[in-house]
Each structure stands twice: as structure tokens, then as C-alpha cells.
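Only a predicted model underlies this, so the values are computations on that prediction, with no experimental measurement involved. Numbers restart at 1 for each chain; the letters A, B, ... are given by sequence-line order, proteins then strands.
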Number of protein chains: 2
Amino acid sequence: MAITVNQIAEICKVSRTTVLRALNDSGSVGKETKERILSVAKEYNYRPNLLARSLNHGRTMSLGVVTINIENMYFVQSLNIINKEADKRGYFTNIVVCDESLDWERKLIQGLADRQMEGILISPINKGKEFEDFLLSLNIPVVCIGNQVSDSITTVQVNEMAAAMESVDLIVSKGYERIIFICPPLAVKEKENIYVHEQRLLGFQASAAKYPGLIQEVIGKTDYLPDVEEMLARKDQGKTAFLCSGDSYALNVMRWGQQNGMSIPDDFGLMGFDDINILEFITPKLTTVSTNLEGVAATAVSELLTQIDSEDYVPKAIYLNYKILDRETL
Amino acid sequence: MAITVNQIAEICKVSRTTVLRALNDSGSVGKETKERILSVAKEYNYRPNLLARSLNHGRTMSLGVVTINIENMYFVQSLNIINKEADKRGYFTNIVVCDESLDWERKLIQGLADRQMEGILISPINKGKEFEDFLLSLNIPVVCIGNQVSDSITTVQVNEMAAAMESVDLIVSKGYERIIFICPPLAVKEKENIYVHEQRLLGFQASAAKYPGLIQEVIGKTDYLPDVEEMLARKDQGKTAFLCSGDSYALNVMRWGQQNGMSIPDDFGLMGFDDINILEFITPKLTTVSTNLEGVAATAVSELLTQIDSEDYVPKAIYLNYKILDRETL
DNA sequence: TTGTAGGCGTTATCAT
DNA sequence: ATGATAACGCCTACAA
């Protein structure tokens with residue numbers, strides 16, 4: 001289908017080498033020959049086969065990125081940045097999406113490795129020793145975003161625990177007497193990597209403990225709205241705020257509240273995590289924590305490239321600054 | 001770094017061929033030899049190099065997908081479906097994002113082609129004869145989603161014009177006397193592919209013409225909110241609705257209205273296009289048109305694979321059904 | 001200025 | 001049951 005160097009050589013009745021020299025401007029080629037070669041190449045629309053080239057010199061100049069279900073919106077915002085950052089350094093970015101299945105994630109990572117990606121970026125949903133071993137066995141630089149897997153794999157993240165603690169401080173400072181923390185089911189943590197949420201929970205608990213009178217509760221289940229309702233029904237517990245480990249939880253609670261004729265923050269306070277970009281369309285403006293996705297993404301790429309270029313790379317845990325965004329729901 | 005068949009052969013002191021036979025369960029290998037080979041392969045974590053394999057038999061079993069800026073959310077929802085559909089048929093999906101730049105888009109498409117993708121899916125922002133020639137010169141099956149490039153390249157879409165006409169009918173049936181159509185700047189259409197929006201505009205105009213008393217206006221600019229304000233200020237024009245070629249326009253108008261103390265649909269009607277998934281969080285529920293992204297995506301993949309497998313493929317224009325979602329903003 | 005020869009890792013064909 | 005050889009398309013010594 002596509003024309004190759006060999007075919008051009010045949011057409012021009014010269015050797016492959018000469019064709020290569022003409023095409024790549026290397027070595028010296030007779031002026032007349034060169035013109036002939038170039039015109040044939042152009043006519044047949046010659047393009048080097050990058051598989052062959054990569055196979056030859058052992059470099060693909062490509063990075064693999066694994067994203068979770070895009071509809072979750074977390075991590076999605078980073079894709080553009082990763083792409084641009086990689087391009088600046090001459091790398092091509094291949095994105096694959098895993099739709100929240102542990103097996104798929106592994107399968108996709110393997111697929112990227114088999115295709116000789118030079119490095120892989122991932123916010124993994126797998127966890128544990130076996131997964132760590134799997135990643136290490138790939139013999140490919142890997143950088144994790146957010147969810148940590150182990151000390152031997154670099155993770156770029158925000159200090160989620162500190163962010164959660166500061167959030168509690170903020171909520172308390174606004175006069176709330178009860179804080180309810182909403183996060184994914186904690187049972188899954190045996191299998192699934194919810195490191196980020198665990199860190200936030202730890203921060204929540206540590207900070208809440210500092211305030212004697214404060215009532216703290218945790219809702220860790222998929223079907224959390226009934227619990228929200230039930231807890232709000234108990235009116236004797238004082239002014240209540242929800243701290244949600246993820247903006248989408250907060251948005252669902254907000255919608256529920258609006259549907260039930262409540263107003264925020266009058267009837268209850270609400271705070272999220274991540275500052276996902278659809279918040280701009282939501283009223284009232286959600287108080288949340290910016291986890292600096294852009295910065296994290298850019299850093300992750302640059303760290304990955306560093307790792308690719310290093311002989312003796314030492315894995316790190318890199319923390320970037322988060323930012324509390326005090327808006328309208330507290 | 002990674003071990004190869006050759007190295008295994010050397011270690012086991014047999015020929016590559018034998019190693020291959022053991023690894024792929026083909027031909028016959030001595031039981032003892034096979035065990036030895038398999039154990040070495042396992043020990044060194046052997047994985048076939050897909051570049052080499054692809055180079056050999058001329059197939060990569062990979063599709064390329066080019067998306068526009070992911071933050072726009074249009075097209076994003078399709079990614080999962082494309083991925084799954086492709087996987088069902090044994091294909092790997094490589095996604096790249098072009099961030100709304102015409103040059104990037106071309107560059108990325110070329111990159112995918114150079115990497116021997118067997119087919120490319122794209123909702124192009126480029127247009128015109130030159131771009132068409134470029135795509136054809138790739139000699140790779142291409143399927144466009146939404147934005148048409150030419151008759152010689154298959155496009156999967158929804159009949160946007162009909163959808164716009166029906167939308168106008170709906171709006172009129174609700175008693176509106178003026179409809180304002182909001183879409184991207186029409187000036188860019190010389191360079192940029194906004195086929196989808198053009199079709200909707202045509203539908204709007206055609207349908208509006210059917211209603212004698214109806215006042216119709218078009219706002220086609222990036223900074224459309226001032227015009228929205230100005231047009232609403234003219235109170236003598238009767239009951240007004242905005243028909244937006246894209247939900248994000250509608251959401252921006254909605255937010256603007258809410259910030260200015262207006263209520264929808266009492267002060268003005270609002271209708272969007274696309275039914276992007278964040279609408280579920282928005283109150284009031286936006287009346288819009290489902291452009292069946294899921295169906296379009298799945299069809300596009302399947303059509304692409306058909307094209308890949310065909311010797312003599314005939315490009316088509318494929319139309320799927322849209323659906324008017326009459327919700328709360330009219 | 002031009003050409004020959006070998007290799008990247010895999011596979012398929014044809015021998016032994 | 002095992003091996004030798006060539007091919008995919010590109011690149012790089014090393015000749016001539």
C-alpha cells in the first residue's frame with residue numbers, strides 16, 4: 001500500500017542507501033539523482049514507517065497514558081497538558097481509557113508496554129504488591145498520578161491529607177458543629193486503589209479530632225443520598241456541613257438538596273474536592289479544593305521523561321501545592 | 001532490556017524456531033524442551049515485541065482516534081464506546097487530543113498514520129479540498145464523526161438539519177414569537193470545519209421561514225452574551241427563546257440569566273444541542289437534542305472496521321436518529 | 001558518489 | 001522434533 005524505501009530504490013534504479021541519503025539529507029548524493037529520488041518520493045507520497053524505524057533504533061518516542069472512565073471527569077482535564085508537555089520534548093502521546101475495570105487497566109498497560117511505549121502515566125485503580133510487581137516487571141518507566149502504588153514507583157500528587165485537614169479547619173471556622181465526610185465505599189480499598197480518598201479521610205479524622213465539641217461522621221457507600229437525608233433529619237445535631245471527597249459527590253448532594261427545597265448554605269454547608277471544570281456552570285458556586293491537576297500533570301510528564309533519560313533513577317514522592325477555594329456553599 | 005526470542009533460544013541452546021513453537025503452541029516440540037523454554041520465558045518475563053510482529057505481518061490491530069479539546073466535552077462521551085467496540089473486534093485504540101488547533105490535528109493524524117494505525121476516527125476541525133486530499137493520501141481508512149469533509153470519506157452523523165427544524169417547531173408550538181439562534185462565529189467556516197453548526201443553522205432558517213409572524217435572529221460570535229442581553233432588552237418583540245447550537249452555549253446563557261435575576265422559562269426559553277452528560281447536574285433541566293453520541297460512536301467504529309476489511313469499500317453518509325428531549329427550559 | 005551487508009524482533013516456509 | 005533462511009522497512013557501518 002504505502003511505498004517503501006526499497007520500492008523507491010527500485011524505481012530510481014539506485015540502492016536503498018542512496019535513497020535514504022537523499023531522503024534524510026545525510027551523506028552525499030548526486031544532485032541529479034537526489035532530485036529524481038525526491039520527486040518519486042513525493043509523487044508516491046512516501047512516509048517512513050515508524051514501526052520499522054522504532055524497531056531499528058529501539059526508541060518509539062511515545063508515551064502511554066491510561067485514564068479511568070472519562071465520564072468521571074477526574075484526570076480528564078490533565079490530558080491536554082500531558083499531551084502538550086510531551087510534544088514539547090518530542091514525544092507522541094497515546095491515550096487509552098479503561099472504564100473502571102481492574103482487569104482492563106492491566107490489560108491496557110500491558111498493551112502499551114507491548115507496543116514499546118517508552119514510559120507510562122497512570123492514575124491507577126489497581127493496587128497492592130502484585131500490581132506493583134506487575135508494573136516493575138514491565139521494565140518501563142512509570143509515573144503515578146494521585147494514587148500511590150508503592151515507594152518504588154514515582155507518584156506525583158497533592159498533599160491530600162493536609163488539604164482535608166485545612167478544609168475541616170475552614171468549615172469549623174464558619175461555625176459548623178457537625179461535619180459529614182462522604183467518600184467511596186471503604187470496603188473496596190482491599191482491592192481497589194482509592195489512596196487519594198483514604199488520605200483525605202485520614203486528614204478529616206485527624207483534624208476533626210482537634211475540635212472537642214465537633215460531631216463527625218463518615219458516609220462511605222455508593223448509595224449515599226439516603227444516609228444524607230437521614231442524617232439531615234436529625235435536627236438536634238447542630239449546623240451541618242458535608243465534606244465530599246470528590247466534586248461529583250458534592251454535586252449530587254447539591255442536586256438532592258435543591259430538589260428537596262433546601263438552600264445551600266442556609267440549610268447545610270457543602271464542600272468538594274478537585275475543582276472539576278464543570279463547576280463553572282453550577283450555582284451556587286461550590287467551595288472546593290483545587291488539586292492542581294494541571295501542575296500535577298505537567299510535573300508527571302517531566303518526571304517521566306527524566307526517568308526515561310536516566311540510567312539510575314531514584315523513585316520519588318512529589319507533592320505539589322493544593323489550594324482551598326472558599327466560594328459560596330459554606 | 002526486555003528479553004527476545006533470540007535470547008531465549010541462546011539460553012536454551014535451541015533455535016528461534018523451536019522457541020517460537022513452544023511459545024505459540026504451534027508445530028511440535030519435545031516435551032522436555034518445551035518446558036525448559038517456557039520456564040525461561042516466564043523467568044525473564046518474555047513478551048513479544050508488537051512492533052516487530054506488526055512489521056512482519058503488516059497489521060497493527062490498532063485504531064487511532066483524534067479528539068478535539070477534551071474540556072469541550074463534545075465527543076468525549078464517545079471515547080469509552082469507541083474503545084469497547086474496538087476491543088470487541090480485537091483492536092487496540094489509541095487516542096490523541098488536538099486541542100482545537102488545525103495544525104495539530106493534521107500533525108496528529110499524520111503521526112497516527114506513520115505509526116501504521118489501520119484506521120482513523122475523527123471529528124475533524126479541518127475542512128476543504130486540501131484536507132480531503134491529505135486524508136486520502138494517507139491510504140488509510142478514515143471515518144468522520146459529525147463533521148463531514150467530503151463525499152469520498154464516510155461520515156457518521158445525525159440529521160442535524162432535521163433536528164434543528166423540529167426544534168423550531170417545538171419552540172413555536174410552545175407559543176414563542178421570537179427565536180434567537182446562537183452558534184460559533186460563522187466567519188471561521190472558511191477555514192474551520194463547523195459543518196454540524198452550519199447544518200443546524202440551515203435547519204433553523206428553513207423551519208423558521210415556515211412561520212410568518214415569527215421573528216428570527218442569529219448570533220454567531222464568540223462573545224455572544226452582550227448580544228443576548230441587548231436582544232432581551234427589546235421587550236416589544238414578544239416571547240423569546242434561544243436555540244443554541246451546543247449545550248455549553250445554552251449553559252452560559254442560563255448562568256447569565258440566573259446571575260441577572262431572570263428565571264427560565266418564565267423570562268425566556270432556552271434549548272440546546274447534544275445532551276452533554278453534565279446536564280444532569282444542572283437546574284432547571286435543559287431542553288435539548290440528543291445527538292446520540294453513543295450510537296454514532298459505535299456505528300463509526302463498526303463502519304471503520306468494515307472499511308478495513310473490505311477490498312472495494314464505498315464511502316457513505318450514515319445518519320442515525322436524534323431525539324428531542326423536551327425538558328424544563330421551554 | 002554509490003553500493004553491500006547486517007541487524008532490529010517476529011513470523012512463515014521449507015528443509016532435515 | 002528441530003533448524004536454516006528469508007522477509008517486513010528502516011538504518012548504519014563499512015567498503016568500493
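If you take CZ of B:Arg115 and P of D:dC10, they are 15 Å apart, rounded to a whole angstrom. A straight line from CZ of B:Arg16 to C1' of D:dG3 spans 10 Å, rounded to a whole angstrom.
Using modelled atom types, one finds no donor on one side chain facing an acceptor on the other under 3.5 Å when comparing A:Ser62 with A:Glu118. No side-chain N or O of A:Glu294 forms a donor-acceptor pair with one of A:Ser78 less than 3.5 Å apart.
Overall bending of the helix from C:dT1-D:dA16 to C:dT16-D:dA1, expressed as the angle between end axes built from five pairs apiece, is 50° (10° steps).
Annotation: cation-pi pair A:Arg115/B:Phe92 present, NZ/CZ under 6.0 Å from the ring centroid and within 45° of its normal.
Within the 3.5 Å criterion, the main-chain N or O of A:Ile194 finds no donor-acceptor partner in the side chain of A:Lys189. Looking only at distances, no side-chain donor or acceptor of A:Asn94 sits under 3.5 Å from a matching main-chain atom of A:Gly64.
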Yes or no on side-chain contact (heavy atoms from CB on, under 4.5 Å) for A:Phe131 and A:Ile109, after CA distance, side-chain angles and deciding distance? CA-CA 11 Å; A:Phe131 183 63; A:Ile109 294 173; 4.0 Å; yes
B:Gln307 and B:Thr154: side chain to side chain donor-acceptor pair (under 3.5 Å), yes or no, with the steps? CA-CA 9 Å; B:Gln307 187 175 351; B:Thr154 290; 4.6 Å; no
Any chance you could lay out the side-chain contact (heavy atoms from CB on, under 4.5 Å) test for A:Leu138 and A:Gln110, step after step, and finish with the verdict? CA-CA 8 Å; A:Leu138 261 26; A:Gln110 188 62 259; 4.1 Å; yes
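Taking B:Tyr195 as the reference, B:Gln148 meet the side-chain hydrogen bond (donor to acceptor under 3.5 Å, both in side chains) condition, with sequence neighbours excluded.
A salt bridge does not link A:Glu10 with A:Arg16: every distance from a Lys NZ or Arg NE/NH1/NH2 to an Asp or Glu carboxylate oxygen is 4.0 Å or more.
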Short heteroatom pairs, N/O only, protein and nucleotides 12-15 of chain D, under 3.5 Å:
none

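In the region residues 37-55 of chain B, proximity to DNA chain D at under 4.0 angstrom, judged on heavy atoms, holds for B:Leu55.
Counting non-hydrogen atoms under 4.0 angstrom, B:Gly30 reaches the backbone sugars and phosphates but no base.
For D:dT2, the OP1/OP2 oxygens have no side-chain nitrogen or oxygen of B:Thr18 closer than 4.0 Å.
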Donor-acceptor list for residues 297-305 of chain A side chains, cut-off 3.5 Å, not counting sequence neighbours:
from     : atom 1 : to       : atom 2 : distance (Å)
A:Thr299 : OG1    : A:Gly295 : O      : 2.7
A:Glu303 : OE2    : A:Tyr313 : OH     : 2.5
A:Glu303 : OE2    : A:Lys316 : NZ     : 2.9

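Within the 4.5 Å cutoff, side-chain heavy atoms of B:Ile125 are placed close to those of B:Ile68.
The span of DNA chain C lying next to chain A, judged by atoms under 4.0 Å from heavy atoms, is bounded 5' to 3' by C:dT1 to C:dG9.
The number of heavy atoms from other shown groups lying within 6.0 Å of CG (B:Asp151) does not exceed 12.
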